[in-house]
Structure formats: C-alpha cells, structure tokens
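First up is the structure itself, then whatever we jot down about it.
Naming convention: chains lettered A, B, ... in sequence-line order (proteins, then strands); numbering from 1 in each chain.
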2 protein chains.
Amino acid sequence: MLTYDLESRGGLSLYEFLYRRLREDILSGALAAGERLPSKRALAEHLRVSVVTVESAYQQLEAEGYVDARPRRGFFVSPVNRLPAAREGISIPPEEPPRTWRLDLKSGRVDSFPSALWARLTRQVLSEGDHLSPVPHQGLPALRRAIAQDLRDFKGMAVSPEQIVVGAGAEYLYLLLAQLLGRTSVFALEDPGYPKIRQVYGQWGAECRPIPLDGQGMALEPLYASGATVAHLSPAHHYPTGTVTPIVRRQALLRWAQEVDGVIIEDDYDSEFRFTGRPIPTLQSIDGPGRVIYMNTFSQTISPSMRVGFMVLPPRLLERYRQELGFYASTVPALEQQVLARFLQGGGSPAGSWYEQHLSRTRKQYRLRREAVLARFARCPFAAALIDRGAGLHFLLRLNTTEDDETLRHRAEGLDVRLAFLSEYAVIPRPAYRHTLVVNYAGLDMERLEEAVALLSEIFLTSPSARLKPVAPSPRSGGSEPTPSGPEPPSPRG
Amino acid sequence: MLTYDLESRGGLSLYEFLYRRLREDILSGALAAGERLPSKRALAEHLRVSVVTVESAYQQLEAEGYVDARPRRGFFVSPVNRLPAAREGISIPPEEPPRTWRLDLKSGRVDSFPSALWARLTRQVLSEGDHLSPVPHQGLPALRRAIAQDLRDFKGMAVSPEQIVVGAGAEYLYLLLAQLLGRTSVFALEDPGYPKIRQVYGQWGAECRPIPLDGQGMALEPLYASGATVAHLSPAHHYPTGTVTPIVRRQALLRWAQEVDGVIIEDDYDSEFRFTGRPIPTLQSIDGPGRVIYMNTFSQTISPSMRVGFMVLPPRLLERYRQELGFYASTVPALEQQVLARFLQGGGSPAGSWYEQHLSRTRKQYRLRREAVLARFARCPFAAALIDRGAGLHFLLRLNTTEDDETLRHRAEGLDVRLAFLSEYAVIPRPAYRHTLVVNYAGLDMERLEEAVALLSEIFLTSPSARLKPVAPSPRSGGSEPTPSGPEPPSPRG
C-alpha cells in the first residue's frame, strides 16, 4: 500500500499533498503504467484521511490524465514519462533597459494629456456602463461620428462615419492596409521617410519602392517608373523634411492614382500643428475620384501613449475592406473609445469642445516653444541653416560641420543626448541629406533650452571646421531645401 | 483689377473670404496659370481692406501652392486644374446594424467588470502621471511583473517578465506570431476550432492544415503527417468541443515539437474557469525543452471590451522576436496597462489581490449559472446529451433532432435567437459534428433561463423526430464524445 508521510506536507492541504505525491510517483515510474491504484476507501483507511480527500486527489489526477478511471474497476496509472526537465541551458536574453537621456531630440514626446478631465469622463462612462457595449470592427459608432464631425469642422472633409476605421495606432492601421492592398500592389514610399512605414509593409511582404522627394513632395517621374499602385504620402508636412506638397503636385498625384487605378494613403500625422495661416486642405478633400485613404492618430494631439488612430476609406474600397478584414475585433478598448468620443464632442462652451480647447492650448504651447527654440538655435555657431515650414512638431537644422553623422551621433550618445539625423531616414543615401539634424522640439521645455544648447555645442563644436560664422535665417523663412533639386524648388515665404 | 463683393461673405472673415474667392478663380481658370496677382497694396486699396488681409490671403494661397511668390516680383498663379469633382457615383455601402438578440448563445458575453474600482485606479494613475511614461514594445514592465506573478501563484508557471509580450487582444498576438513563424512554417490548427485563428494566420498567408481531434486533443498521426512545425492548441479546454488534453497526449505533443524542431502555441483562453478540482497545469509548465508559446487574455476574466492579451515566449525565440518585431509600438494604451497592473497586484487583503477576489466572485457566479443551465437543459426534450468537462464558459448540447443545422439556425434567427453549432467550427465536415449546439452560457442569467428554454423548444421541437424521451446525464458526467473516434477515448469521470 502507498505510504506517504502526511506530516511533511508543510502548508499544503491533505488533498493537494496526496495529489502531488501520487503524481510524482507516476512521473518517476514508482507507480508503473497500467498499475491499479488502491481503492479510495482502502487508501483512506491506510493513510487515516477521509475518503473525500483521496477521491479529490484521484479525480484531479484523472482530470489531468495521470490515471485512467475504469467504471467499477478503479483507477489505473497512465503511461506517463517524465520529460527532460532541463531548458537546454538557453538563458533569457535580458531586455535593453530604457535609457534616460539628458536631451532627447528624436522622440519629441508630447506631454499635454488632459488628465483631470480624462479621469472624470472615465468615471462617467464606467458608472453608466457604456464600456460594456460591444464594439464593431470599425470602432464605436459614437467615436466615429465625433471624428467625422471634427474632420468636417476643422479640415473641411466630407466624411461619413461608415468610412472610418478606428485602430490601435498608426502601425496597426498600416498592418490592416498591408493586408488589404499588399498582396497585389507595389507600395511607393517617400524616401527619406518615416521608417516604420516601410518596416510594417515590408514585414508583411509587400513590395516597397523608395521614391525620392523633390521640393514639392514625392517626385512624379520615379513614381510613374516604379510600377507602384499604392503611394503612402504625408503631403501636409512630410516627416522628416517638412516639405508641404503644393496643390499642383497634389493634383498630379491624384491624376497618377487615377491613371494607374491605384490608391494614395494620406498620412496626416501632424497637420493639427500649423502655426501660420489656415490648415492646408487635405488631399482627401480634393479627391473627386475616391482614390485617397486618409489616416491620422491622436498621438501628437493628445498623447502617443493613447494608441488610437483612424483611417477614412474611400467608398470604392469599403465593401472589400469589410469582407476581408471586418472579422478582426476592434483593437481599441471600448472604455477608451467612449472616453475619447466624449472628449471630442463634449464641452460645448463658446470656446468649442474640450478637444478644440485642448488643441488650441497645446498649439499655443508648442508655438511658443518652437519660436524660442528656433530663435535660440539660429544664434548658435553650429547652425548653418534652419529649415522650417511653419508647421509640425519638428524642423530641420543644417549643421555647420564636416564630421559625418555617425561620428556625431556616437559623440552625442556619450553625453546621453539622443539625436536624429536626416540621413538615417533615407533608404537611398544622398549627400544632400548629410549634416542635417531632425529637431523634434515638442519635449524641449524652455527652462532646459540653455542646457540643450550647451550640450549641442559640446557635440558639434568639437570639430575645428565648425568654428565658422553661423548663418541664421529668421525662423519664418524657409532656408535651402535639403532634398535633391526638383523641377520647382519652393520659393521663400513672402 | 480683381473685384469681389465683400458684402456677400456671410460669416467668413475678410481674409478667409478673399482666399476662397481667389482660390476659386484659380481653379476655374478665371485667373490663368502664370498670371501675376495685383500687388498686395494695390488690391488692398481697390477692395478697401487692409494690406494685412490681402497678405494673409496671398500667404495662404502660397502655402497651399496656388500661387508662387517670386522675390521682389510678386505672386504668380500656379498651373492648377480643377479635378473631376464627381465621386463616380459610388455610394457608401451601409454598415450592417448591430442586431439585438432575444437570446444569444453564441457570443457568451461576460459582464462582471469591476467598474467602481477601475474608475478609482484610473483616477489614481492619471493623477500620478504614470500614464505618460513610454511603454516598451513588450508592454509596461509593471504589468508584465504582475502577470508573471499571477502565472506563478495560480498556474505554477515559472516565467520571467522579460518573456512576456502584451498586445491588443488575442488576434493581434496571432498576427505577431504569424509574422514570427508564418514565413517558413506550416501551421497545424485544431479542427474543429476557433475560426479566428485560421482567419488571422490565413490572412497573413501562412499555410494552415486542419488537424482532426480525437478524444484527447489534436490527433498525433495526422499532425505528424501534416508537415507542420507549428501547432496552435487549447489543451486546457478546447473550443468548442471542451476536450481536455490528458498528460500522456501533452507529453506526446511536446515530443512532436522537439522532433520536428517546432513550436506549440498554447492558447489558454479560459483556463481560469475550472469548476472542479485544481487548475490543470499548463503545457508551458511541463515544457522542458522550451517549445511552447503560452497565450492568454483578460477577455474572459475581466471583459472582452478590454483588448488586452499577452504571450510568454520561450527563451529560444525571444532574441529573434525582439529583433524582427520589437520595432512595433505597444498596442495597448499606457493608462490601461497601468490600471490593469494595479488591479492584478493591488488589494492585498487576506482574500488576495483585487484580481483574485474578482476571479473568485466571477467563478462563483458562473458556476451557479452553469449548474442551473445544465440542470435545466438536461430536463428538456430537445437535449439528447450534455457534453461538459466541468470547465470553461461553454458546453456542448447534442440535440434530439434530425433536422440539419442550417435549417435550425435559420429558424432560430427568425425568432431573434443566435445559436452556434459545432459543425460551423469545422473545416472538414464530419457527421459526428452535426446536431450539436455550442452553448456559451456566460451571458444567460438565471431570471431569463425559462424564456431561453421556451425559445429553444420552439426552435427544436417543431420537427416531429424530436418528440423522443430526453437522455439527460448528470452535469458532471461526460456524455459521449462529439469528435470522431480516436485511439484512446476518454473515460467517464469517476
């Protein structure tokens, strides 16, 4: 009869201890395959525990398959072998710890989250139980209505909520578009450009062609020559060059899409931050034939930690989209969608919705920050030219240096400074991209501006060639274009 | 000189009105390409507005590219053409409106969200500013630590937070795994099985092979014959058959993975709801050689509207995973990750963490609901057999009918009843799958049980063949297996 020292069970219950000892004996072979366990009653008497205890242990062993229960005959040991326990000595590769930078001009984190109001709206939604209603694939109808209204009121776009798809950030939307278009189409991507775009499409296996920019945006001749039928563009304010695509080129790009029976993905990632004049109308709003997929997120306007983006599909793609991709569950929590919908629509004061008020507050904050940074950098000996389009949360700074970007980056990292160079955004390297910093200024508050200048001076003024007289155009004037010469170089602003 | 009737500008500002009229004249050709606009001063005098107004309008037109500013020469009209305005008559296909069901046994929505506590934790996180800290691709470290601790405490799994990847729901994690493994591997999928698994992998283009189940889970012979090197399994409680894979088969599956140098994806979607005995140890916890990717979500335990899942990668895959997929931003909002981490860890009363208390409350609630539903259904003339494994939020109900499933489904939909049939989960149809309902009982509260029985009777008892005497096994006993016969049919529970 099986004998276990029940006194040695420590904190375990009798049942748990008995189950573990039996399992161990089966795994070790002490109880051989096919062997019959003692009857519940007999073992209970032998160990002086209740029949229920033995029964529970046997049942658990049976549920896991260690024993086989045969009606009226009892429990028989299954043919279990102990598997090799060693994990082959593969250790867990440690994660790279997040680095703390003294100055970070690469990530440009925005930090204007409306926390108190968000907490209030969250409590409201939770108490009303609205976070439990099922969310269709395209997103919560209330949120899509709010987005459509915002697009109409502030971008002049006529969009129906039925065309909108909400998803967990821009990259997830890229993944959806790769699935919708990537099987049959070649993608034309801006070069230089935002690297995640080509990473996601490439990850999917879509053929991607880097298309150079001229002063007006994606160059037409290489686009036509590429064989692409999908072009991913950011015409309002290209990342990282800042190029604004003028109306003539926009029309030419739309004509291209129509001619090749293709699609333009308009990535409007930071158009809310235009500091001079009206917003530039979107490509989508002049897209008569319905060739444009418009895309935006709340990462720049509210917070990158939100993970909410949306896209607007043209009617011609909508049916196929729903058929092929509508099976996916929405990737954005219902609670967050509800809170965001209320934030976009609520408020209703003469100053506009909460979102409008928030935007106008942040816009003012970034405008001040931007002007201060541009003015201060213009006086720095390391600045050869500031290339700024009066828009967005970044600008270009052409450096007064002959050192190569890699050397400068390494020197910066040694000082805990994170820099982004234009050259690293290009697939096809060109001399024109060198010596140019992409300055994401949104996280650079004014109190730390002098420290930032001191750090940058330490990085850039180590080289003897950098002791030249700075060329410092006024912040509003364009400066020279960093991209290779195109047919129509942009004129300086009047 | 350009003449516009400024009185007709309605609510627009002078600048905005002037900009729009000029743009319209350029688009219509009234102002021809190459034409020089009047000087700012001259037009201002002519229209009796300020020079600043004209200047703003000109600048906006220049920013959008409608005119070209040439230094000291003035503004010249760009060669813009009006694009076709018509949207080709493609109308927006209407969305299918969400249907309200009198009875829904397919979706089985859980509804036990801890709203008050969630609101409190959200306010806490927001006021402490923790939602603004950047989230690495694998997810917030605090959340991964909480998940690792929960897996250790309640599933006996030794897992390091470095192995965990948090993502926006199971489907998003499937998409990541498709990218990691799908390029080179054939996927073996349980048939019948959860359809989204094959949809996502198939969407990615991975080769998928449906592998039949026997009474113990995925059948070995067809698995070996399939040429697959990845198997996606739910050994704790298969959806929808409910099969629990016993230890002998688990060991055999692990041996298979080792032999083919492959990977097992253990989809542990509802293992928290085991109503008898201890939880069944996971495959991951007996995976010596490191062949198992463990996966779970909080959809069943907290709410499907949350969109948070996680997976545990074995050390051997971790480095490649980070290299190939680490570039993606985390898809779960930082705020939600922070709140969930506190919910998993906080509380600290003798009754356990808030999550434990929540789980034990919901488990009790579902156990009562399940027992009531099983007991009631067992007495129904339409029930031929209840096939239940004492676990999970669904069970099978073999119907006393000869009508085909499609007829029954249509009849149900006519009564606003949503049903799920075992047959619809299978790629390869088999007679054994017919006449079997998958009952997702979690949303069926007891007050509505009699109404549900009445509706089901109306659907199933219309056919003359259904007037037989019901066979009603007790809820805890197994009933006959719905899957085709395998080498080792499971024995009824002792």
Worksheet item: For E95(B), which of R322(A), R144(A), Q163(A) qualifies under side-chain hydrogen bond (donor to acceptor under 3.5 Å, both in side chains)?
Response: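 Testing E95(B) for a side-chain hydrogen bond (donor to acceptor under 3.5 Å, both in side chains) against R322(A), R144(A), Q163(A) leaves exactly one candidate, R144(A).
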Item to complete: State whether the side chain of K196(B) and the backbone N or O of Y328(A) hold a donor-acceptor pair below 3.5 Å, judged by distance alone.
Response: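 A pair under 3.5 Å: no.
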Worksheet item: Can you tell if the side chain of T331(A) reaches within under 4.5 Å of the side chain of T331(B), non-hydrogen atoms only?
Response: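 SC-SC contact between T331(A) and T331(B) ruled out.
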Shortest non-hydrogen contact between [X] and [Y], atoms and distance:
{"X": "S78(B)", "Y": "V248(A)", "answer": "CB-CG2, 3.6 Å"}
{"X": "R307(B)", "Y": "A329(A)", "answer": "NH2-CB, 3.2 Å"}
{"X": "P315(A)", "Y": "S91(B)", "answer": "CB-O, 3.8 Å"}

Practice prompt. Among the options Q124(A), R183(A), R120(A), E96(A), pick out the one with the most heavy-atom pairs lying under 4.5 Å from chain B.
Written response: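 Top count of heavy-atom pairs under 4.5 Å with chain B: R183(A).
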Discussion item. I'd like to know which of S107(A), P98(A), S330(A) tops the heavy-atom pair count under 4.5 Å against chain B.
Written reply: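 Maximum pair count with chain B is reached by S330(A).
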Discussion item. As an exercise: rank E324(B), Q199(B), E319(B) by heavy-atom pairs under 4.5 Å with chain A and give me the winner.
Written reply: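 The residue among E324(B), Q199(B), E319(B) with the greatest pair count is Q199(B).
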Worksheet item: Do you know which of P281(B), G326(B), P235(B) has the most heavy-atom pairs under 4.5 Å to chain A?
Response: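 Most heavy-atom pairs under 4.5 Å with chain A: P281(B).
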Discussion item. We want to know whether S115(A) and H131(B) form a side-chain donor-acceptor pair, criterion being a heavy-atom distance below 3.5 angstrom.
Written reply: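 The answer is yes; a qualifying pair exists.
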Discussion item. Does atom CD (E128(B)) have a neighbourhood of more than 12 heavy atoms from anything else shown, all under 6.0 Å?
Written reply: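 Yes, the 6.0 Å shell around CD holds more than 12 heavy atoms from other groups.
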Worksheet item: Say you draw a straight line from CG of L335(B) to CE of M306(A); how long is it, rounded to the nearest 0.5 Å?
Response: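 It is 9.0 Å, given to the nearest 0.5 Å.
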